[in-house]
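Residue numbers start from 1 in every chain, and the chains themselves are labelled A, B, ... in the order their sequence lines are given, proteins ahead of strands.
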2 protein chains.
Amino acid sequence: MARAAERPLRADAQRNREKILAAAVRVFTEDGLDAHLERIAREAGVGSGTLYRNFPTREALIEAAYRNEVARLCDAVPGLLATMPPDQALRAWTRRFIDYATAKLGMADALRAVIAAGVNPYADSREMIQGALCSLMDAGTAAGVIRTDIRPTDMFAALAGIALTSAQPDQRDQAERLLDLTLDGLRPVAGRGAGGS
Amino acid sequence: MARAAERPLRADAQRNREKILAAAVRVFTEDGLDAHLERIAREAGVGSGTLYRNFPTREALIEAAYRNEVARLCDAVPGLLATMPPDQALRAWTRRFIDYATAKLGMADALRAVIAAGVNPYADSREMIQGALCSLMDAGTAAGVIRTDIRPTDMFAALAGIALTSAQPDQRDQAERLLDLTLDGLRPVAGRGAGGS
DNA sequence: TTGCCAAATGGAGGCGCCCCCGCTTAGCGT
DNA sequence: ACGCTAAGCGGGGGCGCCTCCATTTGGCAA
């Protein structure tokens, strides 16, 4: 993530860019594919010119908004690990994962249009998310607070499954219960020596 | 071709529809994919409302314009056979075939956009054109003015080849010379008994 | 032929997209 | 701290798309 070699965008421009992306997720989720770009600009508090300069086409905006959601989800990991124990960090992060899945579901129509235009917005997203999950689980393993016989890819599959069935906004409670269930199962099994000292 | 079961469209509406399709071929050829629909309406001498009622989307218009070219090409056969000997009819029709190929080439950008939108504008067109060619060649065979050992599909391949290499408007002369060459080769071979009495 | 009515028309108008350019401001050099 | 410069802003305006509906017209029935 982050913008590579290109000259690094002025601070205010970066701020605007992010406000636009956040507004885009909101509005595309609400209005679907044919949301008004003007409205996104208005909600982001920028002029339409600014929106258009950052994202020349509707598709570019949708794609960037989606990628930004993935990036935000993944970038959250270090902060979580820095402020709470690994098992709590993992628990908190799975909540964010559901937020992400809900946003993705809401933008489904818009994303489909991007794909139809010949772009794959999902490139790398799976790897990035699995990488984030891996960091969290490694930290948990190092601290001895999660069992060691479940691989991150298994956990990813479980999370994907929960997202698949329970990512609708009104299923939030169910999603959280399923997450708790899964995370409880991830605790070290007594008498199997996963715990430290 | 022709509009099937649907109620059969008032005479003036049918006329307008055809004017629009003709204008569409012209304008899409000239301006490519992003021709202004307004201009097509203007050139067709109708209001934009009429255009839009007949063809709800840009893609529908492009597709209909292309299909109409195929239909016109094929529908020309009976008229040609009714007004001239079969060999001359075939010769005249091959000219029209090149007209069609030139129009198709000009609309290539627009047609590509239709395909990208998930519609196949070419469905049936090959069969229709081969059918037309078949009628002409059958008539020629019956009259004994063309050789009988060349099948319509062979002839179609030859025409397609000529179109492929010489359909640009500025290659018209070359295309006609190639057609003449091919048609000359289609005459009955002396001493093989294809000719009558 | 005439009258009727549903089909069809067309162009004005609303709306959103996109571009442009005069103004603002971040960020650096002194 | 202060200017300078160019990156960035934003919203007004032009333009094309599409809709809507008052008006026209084709086609049928009497």
Side-chain angles (χ1 to χ4, degrees), chain A residues 2-24 26-65 68 109-110 113-114 116-117 119, chain B residues 2-24 26-28 30-65 68 109-110 113-114 116-117:
Chain A
R3 28 203 35 268
E6 310 137 3
R7 84 175 47 235
L9 213 51
R10 230 166 66 176
D12 55 340
Q14 179 62 36
R15 238 177 292 128
N16 278 332
R17 189 186 162 85
E18 267 152 28
K19 283 193 291 183
I20 291 168
L21 291 173
R26 240 181 298 130
V27 176
F28 278 121
T29 296
E30 198 165 319
D31 294 359
L33 174 54
D34 41 40
H36 298 322
L37 299 193
E38 307 269 283
R39 186 180 157 201
I40 294 174
R42 202 174 339 111
E43 293 213 2
V46 302
S48 56
T50 300
L51 190 159
Y52 194 72
R53 196 174 331 100
N54 278 283
F55 310 102
T57 67
R58 174 178 292 268
E59 286 71 29
L61 175 58
I62 297 168
E63 190 198 347
N68 188 52
D109 282 346
V114 171
V119 180
Chain B
R3 28 202 37 270
E6 310 137 5
R7 82 175 47 234
L9 213 50
R10 230 168 64 178
D12 55 339
Q14 179 63 35
R15 238 177 292 128
N16 278 334
R17 189 186 163 85
E18 268 152 27
K19 284 193 290 182
I20 291 168
L21 291 173
R26 240 180 297 131
V27 175
F28 277 121
E30 198 166 317
D31 294 357
L33 174 54
D34 40 40
H36 299 323
L37 299 193
E38 305 268 282
R39 185 178 158 202
I40 293 173
R42 202 174 339 110
E43 291 212 3
V46 303
S48 55
T50 301
L51 190 160
Y52 196 72
R53 195 172 333 101
N54 278 283
F55 310 102
T57 66
R58 173 177 294 266
E59 286 70 32
L61 175 57
I62 296 168
E63 190 198 346
N68 188 52
D109 281 346
V114 171

Measure from the side chain of [X], starting at C-beta and using heavy atoms only, and say which of [options] lies closest.
X	options	value
B/A11	C/dG16, D/dG27, C/dC19	D/dG27
B/R58	C/dC17, D/dC17, D/dT19	D/dC17
A/E38	C/dC18, D/dG26, D/dC9	C/dC18
B/A13	C/dC18, C/dT9, D/dC9	C/dT9
B/H36	C/dC18, D/dG8, D/dC17	D/dC17

Which of these, A/R39, A/R42, A/E38, sits in a side chain to side chain contact (heavy atoms under 4.5 Å, CB included) with A/S48?
A/E38

Least distance between heavy atoms, [X] atom then [Y] atom:
X	Y	answer
B/V27	B/A35	CG1-CB, 3.5 Å
B/A60	B/F55	O-CD2, 4.2 Å
A/L37	A/R58	CG-NH2, 3.9 Å

For A/R53, which contact category applies under a 4.0 Å heavy-atom criterion: base, sugar-phosphate, or nothing?
base

Nearest-Å distance, [atom1] ([X]) to [atom2] ([N])?
X	N	atom1	atom2	result
A/K19	D/dG10	NZ	C1'	12 Å
B/F55	C/dT9	CZ	P	11 Å
A/Q14	D/dG8	CD	C1'	13 Å
B/R17	C/dT9	CZ	C1'	16 Å
A/I40	C/dC18	CD1	P	12 Å
B/L33	D/dG16	CG	C1'	14 Å
A/D12	C/dA26	CG	P	6 Å
B/R42	D/dC17	CZ	P	11 Å

What verdict does the side-chain contact (heavy atoms from CB on, under 4.5 Å) test give for A/V46 and A/N54, after you've listed the backbone C-alpha separation in whole Å, the side-chain angles of each residue and the deciding distance to 0.1 Å?
CA-CA 11 Å; A/V46 302; A/N54 278 283; over 6 Å; no

Under-4.0 Å side-chain N/O to phosphate OP1/OP2 contact, [X] with [N]:
X	N	value
B/Y52	D/dT19	yes
A/S48	D/dG10	no
A/N16	D/dG8	no

For A/G47 and B/A35, take the nucleotide of DNA chain D holding the closest heavy atom to each; which residue's nucleotide lies nearer the 5' end?
A/G47

Please compare B/R15 and B/D34 by the position of their nearest nucleotide in DNA chain D and report the one closer to 5'.
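Its nearest nucleotide being more 5', the pick is B/D34.
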
With a 3.5 Å cut-off and heavy atoms only, can you find an N or O donor on one side and an acceptor on the other between the side chain of B/R10 and the base of C/dA8?
no

